[in-house]
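Protein chains get the first letters and strands the later ones, always in sequence-line order, with residue 1 at the start of each.
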4 protein chains.
Amino acid sequence: MTDLFQSTKPIYSQLADRINRQILRGELKPGDKLPSVREMALQVNVNPNTVQRTYRELEGMEIVESRRGQGTFVTENEEILNAMRERLKKDEISQFVEGMHAMGYKNEEIEEGLRNFLNDGKGDQA
Amino acid sequence: MTDLFQSTKPIYSQLADRINRQILRGELKPGDKLPSVREMALQVNVNPNTVQRTYRELEGMEIVESRRGQGTFVTENEEILNAMRERLKKDEISQFVEGMHAMGYKNEEIEEGLRNFLNDGKGDQA
Amino acid sequence: MTDLFQSTKPIYSQLADRINRQILRGELKPGDKLPSVREMALQVNVNPNTVQRTYRELEGMEIVESRRGQGTFVTENEEILNAMRERLKKDEISQFVEGMHAMGYKNEEIEEGLRNFLNDGKGDQA
Amino acid sequence: MTDLFQSTKPIYSQLADRINRQILRGELKPGDKLPSVREMALQVNVNPNTVQRTYRELEGMEIVESRRGQGTFVTENEEILNAMRERLKKDEISQFVEGMHAMGYKNEEIEEGLRNFLNDGKGDQA
DNA sequence: GTGGTCTAGACCACA
DNA sequence: GTGGTCTAGACCACG
């Protein structure tokens, strides 16, 4: 059994990220029902309490909406989804830049490198 | 004991990356002696053969020079180190862009996002 | 049981030479499948790891191409094979000349001796 | 214990070649005394009878001269040594050319390759 | 001591 | 089946 989760970051938080990404990729669409807490717990092999906490977290961010007796659903509020999308983008970029700095690359190198990469057609989109 | 290595990529290869990064960051300078095969094996908790293979790999890339009976040393050929630096930069960028695409971000978004991030002073260098 | 391998040179390297020669002689043609790692290990009576290393070495030289789950194949890139042919020729000549020097023969003697040998029809080709 | 002898050729004959080479290289000079049969047998780790046969062979070629009660000596007849030198040269060349043919090299390639090698200064004599 | 080679045997990933 | 990785442990060559 392969574990889905890395080291430092709390699992519930990693799971939240994972769900956010699924929404971004369109694997989960606005209005879609998430797996039940128990179902999800089995799928990703964690404790149901952890899934519960993830859902609560997502609900706090208004990305997800729990309806008692029915389940948990992706919000249909596109604004919030867009905000999440923007936030996640910044997170990713931040993490990337931080990593590059740690390896000794300067800002200009990074920006220029990215520009070159995209223009060389190596970064053609799927 | 925390393991230093991730899942899919071969350990010898991850270790090579690790050493490359140490060179980039200046933690290892041209001419420096690497830990002996056995020493490194203890440090990173893998079999000496695996370290041996890493060193061999790095020697193939001319990043490192092994002298029997003496040790393994970072090359003093700065050109090769620069080439390695450039290659690694492209690798990182490629991986980053790929990840962003997988999450549904478009090239322009990525480029603009990076520019904003760097200009907002959030990406100030260490 | 006679061993196929000489003394000082590593076995994996001798085996690589052997395969190169088979390619040169046309016993192995571009696109041909080599014996599997295990098969070859039995044939030449060495450990599969040693054969693996040989194949890996040859792959590094781009003389051979390994496809996981399928086998290892002689490259169809004739340029590389020609380069290998030239390299090996120089190696053989170098070794021959070195040996002759060690026995006290001078360059002119060697060159003249070869010319005589070939012209006397003693060196008629197969 | 590494064996000094290769496969097909008879040992007494290989030992004769070995001694011839020592004479060519000047390790054994005209008039020098060879080790006694028993001494040589110990040195090269073969049966004294085999050494005996080698010495007889060399004596037949007049390269060596046995004096009862004194030992075996390198001939002082330079003509014979020169003849031997020439014969051995041809042997070596013959063997070399044969090997090259076996690997698919043509006569012109061999001759040209040798010329290039010697002219490139790679074959500078010791 | 150092790096380098080799074996035995296990397990993984791909197909 | 295929190639590829890893470990454990031995032994060699160089200095």
Side-chain angles (χ1 to χ4, degrees), chain A residues 1-4, chain B residues 1-19 28 31-76, chain C residues 1-19 28 31-76, chain D residues 1-4:
Chain A
M1 173 102 253
T2 50
D3 277 340
L4 289 166
Chain B
M1 177 100 249
T2 48
D3 278 339
L4 288 166
F5 301 105
Q6 309 162 349
S7 44
T8 58
K9 210 172 182 179
I11 292 176
Y12 74 82
S13 185
Q14 294 183 47
L15 180 53
D17 286 350
R18 197 159 169 265
I19 291 169
L28 284 170
D32 275 6
K33 183 176 175 305
L34 298 183
S36 83
V37 169
R38 291 157 181 82
E39 172 68 21
M40 177 67 92
L42 288 176
Q43 280 183 26
V44 300
N45 197 32
V46 298
N47 188 285
N49 281 322
T50 304
V51 177
Q52 181 72 266
R53 179 151 185 193
T54 296
Y55 282 13
R56 186 182 174 75
E57 213 77 5
L58 290 173
E59 195 170 20
M61 299 190 270
E62 295 183 277
I63 289 167
V64 127
E65 191 178 334
S66 287
R67 298 177 209 141
R68 167 130 46 173
Q70 301 190 51
T72 302
F73 302 82
V74 178
T75 183
E76 311 208 26
Chain C
M1 173 104 254
T2 49
D3 276 341
L4 288 167
F5 300 104
Q6 307 162 348
S7 44
T8 58
K9 210 172 182 181
I11 293 176
Y12 74 83
S13 186
Q14 295 183 45
L15 180 53
D17 287 351
R18 199 160 168 264
I19 292 169
L28 284 171
D32 275 6
K33 183 176 175 304
L34 298 183
S36 83
V37 169
R38 291 159 182 82
E39 171 69 19
M40 177 67 92
L42 288 176
Q43 280 182 26
V44 299
N45 196 31
V46 300
N47 188 284
N49 282 323
T50 303
V51 177
Q52 181 72 264
R53 179 151 184 193
T54 296
Y55 282 13
R56 186 184 174 74
E57 213 78 4
L58 290 173
E59 194 170 21
M61 298 189 268
E62 295 184 277
I63 289 168
V64 125
E65 190 180 334
S66 288
R67 298 176 209 142
R68 165 131 45 175
Q70 302 189 52
T72 302
F73 301 83
V74 178
T75 183
E76 311 208 25
Chain D
M1 177 98 246
T2 49
D3 280 338
L4 289 168

Notebook entry, point to check: Should B:Arg53 and B:Thr50 count as side-chain neighbours, where that means a heavy-atom distance under 4.5 Å?
Noted result: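 With C-beta onward as the side chain, the pair stays apart.
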Notebook entry, point to check: B:Thr72 versus B:Met40: any side-chain heavy-atom pair under 4.5 Å?
Noted result: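 Side-chain contact under 4.5 Å: no.
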Item checked: chain B contact limits on DNA chain E, taken 5' to 3' with a cut-off of 4.0 angstrom to heavy atoms ->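 Going 5' to 3' along DNA chain E, contacts run E:dG1 to E:dC6.
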To the nearest 0.5 Å, what is the distance between [atom1] ([X]) and [atom2] ([Y])?
X: C:Glu39; Y: C:Leu34; atom1: CD; atom2: CG; result: 11.5 Å
X: B:Asn49; Y: C:Asn49; atom1: CG; atom2: CG; result: 9.0 Å
X: B:Tyr12; Y: B:Asp17; atom1: OH; atom2: CG; result: 10.5 Å
X: B:Ser36; Y: B:Gln52; atom1: OG; atom2: CD; result: 10.5 Å
X: B:Thr54; Y: B:Ile19; atom1: OG1; atom2: CD1; result: 6.0 Å

Notebook entry, point to check: Got a donor-acceptor contact below 3.5 angstrom from the B:Glu62 side chain to the B:Thr75 backbone?
Noted result: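 No; zero donor-acceptor contacts below 3.5 Å.
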Next item on the list: Could you tell me whether B:Arg56 and C:Glu57 have a side-chain N and a carboxylate O separated by less than 4.0 Å?
Entry: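 Salt bridge: yes.
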Item checked: Interface residues of residues 47-57 of chain C with DNA chain E (non-hydrogen, below 4.0 angstrom) ->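 Residues of residues 47-57 of chain C under 4.0 Å from DNA chain E: C:Asn47, C:Asn49, C:Thr50, C:Arg53.
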Next item on the list: Map B:Tyr12 and B:Arg68 onto DNA chain F by nearest heavy atom, then report which one ends up closer to the 5' terminus.
Entry: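 Closer to the 5' end of DNA chain F: B:Tyr12.
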Next item on the list: Dot-bracket for DNA chain E, please, read 5' to 3', with Watson-Crick or G-U wobble pairs under 3.5 Å on both distances, ( ) within the strand, [ ] crossing, | other strand, . unpaired.
Entry: ||||||||||||||.
Next item on the list: Could you pull out the closest heavy-atom pair between C:Lys33 and C:Gly71, with the gap in Å?
Entry: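 It is CE-CA, 4.2 Å.
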Note to self: Taking any heavy-atom pair under 4.0 Å as a contact, classify B:Glu39: base, sugar-phosphate, or nothing.
What the structure shows: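 No contact.
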